[in-house]
Colleague: 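First the structure, then my questions, so here it is.
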Amino acid sequence: MTTQRHRDGGATIIGWGTALPDRIVTNADFEARLDTTDEWITERTGIRERRHGSTTAALAVEAGRAALDMAGLTGDDIDFVLLATTSPDYQIPSTASQVQEELSVRGGACDINAACSGFVYGLVQAHGLIAMGLQRVLLIGAETLSRVTDQQDRNTAILFGDGAGAVVLEACENDQLLSFDLGSDGSARTLLDAPIGGYIAMNGKEVFRRAVTVMVDSARVSMADAGITSEELALVVPHQANIRIIEAACSRLDITADRVSTVLQETGNTSSASIPLALVRALENGRVAADDLVLLVGFGAGMSWASAVLRWTGRIPEGKS
Ligand code: UT7
């Protein structure tokens with residue numbers, strides 16, 4: 001689709017969906033075959049189980065279809081598919097191209113690789129496309145990290161999982177996105193990487209240290225740009241890497257645990273999929289009301305970081321207003 005027009009107004013989320021593979025891998029499963037314990041994994045990460053299986057495209061299609069169904073739309077109503085993923089199915093072409101075909105999306109499609117910050121990067125790009133005149137964008141975060149993790153390496157195997165979360169954004173008068181902060185420090189990119197055809201390697205301690213700092217700094221930038229304080233936030237949706245990172249960052253931001261959405265206990269770290277999975281969980285549990293302020297904040301390989309403040313002008317689940 002081509003467009004010459006710059007649109008007034010903004011965009012808002014009108015539907016969402018998720019997908020997880022059927023196979024549950026528990027801490028006890030790792031305990032049985034690696035030099036680790038359920039106690040170590042739970043205490044150091046908060047993770048109890050994760051899902052393994054499927055392909056990135058299949059999970060993305062399932063989550064995307066659920067989001068379209070909820071919005072009462074078909075692929076023909078969608079002008080662009082943005083797929084945030086760091087575990088694409090192919091080197092070439094984009095995984096989004098398969099999603100575009102399977103959902104019969106009318107418009108363009110491409111992948112975004114900003115690792116665990118990918119969904120928020122995509123959210124901002126979706127707003128940009130809509131500002132340029134598109135009507136609706138399907139934004140998906142989808143990963144099959146179990147394929148790029150050495151299942152014999154206790155340092156990484158216990159952490160990562162597979163899954164997908166999707167939202168449909170539509171042009172509207174009242175923009176949902178109040179502010180954002182996107183960043184990257186490429187000089188630190190070797191702290192967490194996976195060569196083509198290889199497995200994830202990570203300096204966990206250093207990533208942990210930087211994660212807390214960049215989440216706090218980025219959240220402060222976005223809150224300042226939105227003209228709000230952390231007290232005003234109804235919900236925080238952080239990247240789901242480690243419960244200790246989330247607790248440390250939220251404590252520095254004076255955000256109490258009752259305002260934080262977590263799913264990592266059941267999903268592990270699903271990189272680009274983690275923020276939409278945690279956002280959808282909060283929405284389905286009625287934790288977001290009309291006009292609530294919501295902070296999304298993530299960090300990951302690159303090292304990338306991203307945060308955004310939303311005023312929830314979007315859809316609210318039935319009976320949850
Ligand atoms: O999406 C963004 C990407 N990743 C992250 O955000 C991960 C950030 N980092 C982390 O979450 C944590 O650093 C880890 C969970 C990866 C590790 O926790 P830690 O508290 O930093 O542990 P550590 O790396 O300092 O390791 C402590 C000990 C070491 O043994 P020694 O050297 O003290 O004898 C490790 O070899 O724990 C050992 N260890 C394990 N023990 C049992 C490492 N992995 C395991 C394991 N089970 N799975």
Side-chain angles (χ1 to χ4, degrees), residues 43-47 84 86 112-124 141 145 155-156 158-160 177-194 200-233 235-265 268-279 293-310:
E43 278 180 8
R44 299 287 181 121
T45 71
I47 299 165
T86 198
I112 300 171
N113 181 352
C116 313
S117 310
F119 183 81
V120 179
Y121 268 62
L123 185 78
V124 175
L145 294 173
N155 292 300
T156 52
I158 56 143
L159 298 173
F160 298 105
L177 183 65
L178 299 188
S179 63
F180 64 87
D181 174 53
L182 308 180
S184 171
D185 175 6
S187 71
R189 68 189 183 282
T190 56
L191 290 177
L192 170 49
D193 60 14
I200 295 174
M202 178 174 68
N203 177 341
K205 261 206 178 333
E206 184 57 18
V207 172
F208 189 118
R209 198 184 62 74
R210 284 170 180 258
V212 175
T213 307
V214 295
M215 280 173 82
V216 170
D217 290 350
S218 184
R220 285 194 175 130
V221 169
S222 283
M223 287 191 290
D225 284 357
I228 64 156
T229 64
S230 63
E231 260 175 42
E232 296 171 76
L233 291 169
L235 183 74
V236 177
V237 185
H239 170 48
Q240 311 282 306
N242 184 320
I243 197 70
R244 291 188 295 134
I245 294 176
I246 294 173
E247 285 169 356
C250 289
S251 149
R252 291 191 200 180
L253 292 165
D254 290 323
I255 295 161
T256 45
D258 58 310
R259 289 184 288 149
V260 182
S261 180
T262 59
V263 289
L264 62 82
Q265 297 84 349
N269 181 344
T270 57
S271 192
S272 310
S274 90
I275 287 181
L277 283 169
L279 174 64
L293 292 170
V294 178
L295 169 72
L296 312 182
V297 58
F299 67 93
M303 303 292 293
S304 65
W305 63 87
S307 61
V309 175
L310 310 182

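Keep in mind that what you see is a predicted model, and the values were worked out from it rather than measured. Scope of the values below: all heavy atoms of this structure, side chains included, with no hydrogens, waters or symmetry mates.
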Colleague: Who pairs with Ala248 by side-chain contact (heavy atoms from CB on, under 4.5 Å), at least two apart in sequence or on another chain?
Modeller: Val212
Colleague: Who passes side-chain contact (heavy atoms from CB on, under 4.5 Å) against Ala194, sequence neighbours left out?
Modeller: Ile200
Colleague: May I have all residue pairs that pass salt bridge (Lys or Arg N to Asp or Glu O under 4.0 Å) and include part of residues 213-232, sequence neighbours excluded?
Modeller: none
Colleague: Check Gly141 against Ala273 and note the closest heavy-atom contact, atom names and distance.
Modeller: O-CB, 3.4 Å
Colleague: List for me each residue that meets salt bridge (Lys or Arg N to Asp or Glu O under 4.0 Å) alongside Arg210, sequence neighbours excluded, and say none if there are none.
Modeller: Asp185, Glu206
Colleague: Quick one: closest heavy-atom pair of Ala226 and Ser179, and the distance?
Modeller: CB-OG, 3.4 Å
Colleague: I'd like to check the ring pair (Phe, Tyr, Trp, His ring centres under 6.0 Å) partners of Phe119; sequence neighbours left out, ordered by chain and number.
Modeller: none
Colleague: Applying side-chain hydrogen bond (donor to acceptor under 3.5 Å, both in side chains), can you list everything that pairs with Thr270, at least two apart in sequence or on another chain?
Modeller: none
Colleague: Would you compute the distance between atom CG of Asn269 and atom CD1 of Ile47 and round it to the nearest 0.5 angstrom?
Modeller: 6.5 Å
Colleague: After noting the C-alpha distance and the side-chain angles of Asn242 and Phe208, does the key distance pass the side-chain contact (heavy atoms from CB on, under 4.5 Å) rule?
Modeller: CA-CA 9 Å; Asn242 184 320; Phe208 189 118; 3.9 Å; yes
Colleague: Of all heavy-atom pairs between Ala241 and Leu264, which one has the smallest distance, and what is that distance?
Modeller: N-CD2, 4.1 Å
Colleague: I need the minimum non-hydrogen distance between Ala308 and Leu177, along with the two atoms involved.
Modeller: CB-CD1, 3.8 Å
Colleague: Is the shortest side-chain heavy-atom distance between Leu233 and Met223 below 4.5 Å?
Modeller: yes
Colleague: Please determine whether side-chain contact (heavy atoms from CB on, under 4.5 Å) holds for the pair Thr45 and Ile158, giving the CA-CA distance in whole Å, both sets of side-chain angles, and the decisive distance to 0.1 Å.
Modeller: CA-CA 9 Å; Thr45 71; Ile158 56 143; 4.2 Å; yes
Colleague: Can you name the residues that form a side-chain contact (heavy atoms from CB on, under 4.5 Å) with Thr86, not counting sequence neighbours?
Modeller: Asn113, Ala115, Glu143, Leu145, Ser271
Colleague: For Val237, which of Leu279, Leu277, Val263 qualifies under side chain to side chain contact (heavy atoms under 4.5 Å, CB included)?
Modeller: Leu279
Colleague: Residues two or more places apart in sequence or in another chain: which of them pass side-chain hydrogen bond (donor to acceptor under 3.5 Å, both in side chains) with Asn155?
Modeller: Asp153
Colleague: Report the residues that fulfil side-chain contact (heavy atoms from CB on, under 4.5 Å) with Ala84, sequence neighbours left out, ordered by chain and then residue number.
Modeller: Ser272
Colleague: Got a donor-acceptor contact below 3.5 angstrom from the Ser304 side chain to the Ala114 backbone?
Modeller: yes
Colleague: Taking side chain as C-beta onward, heavy atoms only, is Arg189 less than 4.5 Å from Leu191?
Modeller: no
Colleague: Does Tyr121 reach the side chain of Leu123, with side-chain heavy atoms less than 4.5 Å apart?
Modeller: no
Colleague: Among all residues two or more places apart in sequence or in another chain, which pass the side-chain hydrogen bond (donor to acceptor under 3.5 Å, both in side chains) test with Ser222?
Modeller: Ser307
Colleague: Could you tell me which residues satisfy side-chain hydrogen bond (donor to acceptor under 3.5 Å, both in side chains) with Thr262, sequence neighbours excluded, listed by chain and number?
Modeller: Gln265
Colleague: Check whether any side-chain heavy atom of Ile275 lies under 4.5 Å from a side-chain heavy atom of Gln240, and answer yes or no.
Modeller: no
Colleague: Measure the OG-CZ distance between Ser117 and Phe299 for me, rounded to the nearest 0.5 Å.
Modeller: 8.5 Å
Colleague: Side chains of Leu295 and Leu235: does their closest heavy-atom pair fall under 4.5 Å?
Modeller: no
Colleague: Can you list every salt bridge (Lys or Arg N to Asp or Glu O under 4.0 Å) pair that touches residues 251-262, not counting sequence neighbours?
Modeller: none
Colleague: For a 4.5 angstrom cut-off between non-hydrogen side-chain atoms, does His239 reach Leu296?
Modeller: no
Colleague: With a 4.5 Å cut-off on side-chain heavy atoms, are Leu310 and Leu293 touching?
Modeller: no
Colleague: May I have the step-by-step check of side-chain contact (heavy atoms from CB on, under 4.5 Å) for Lys205 and Asn203, ending in yes or no?
Modeller: CA-CA 6 Å; Lys205 261 206 178 333; Asn203 177 341; 4.0 Å; yes
Colleague: For residues Trp305 and Val297, determine if any side-chain heavy atom of one lies less than 4.5 Å from a side-chain heavy atom of the other.
Modeller: no
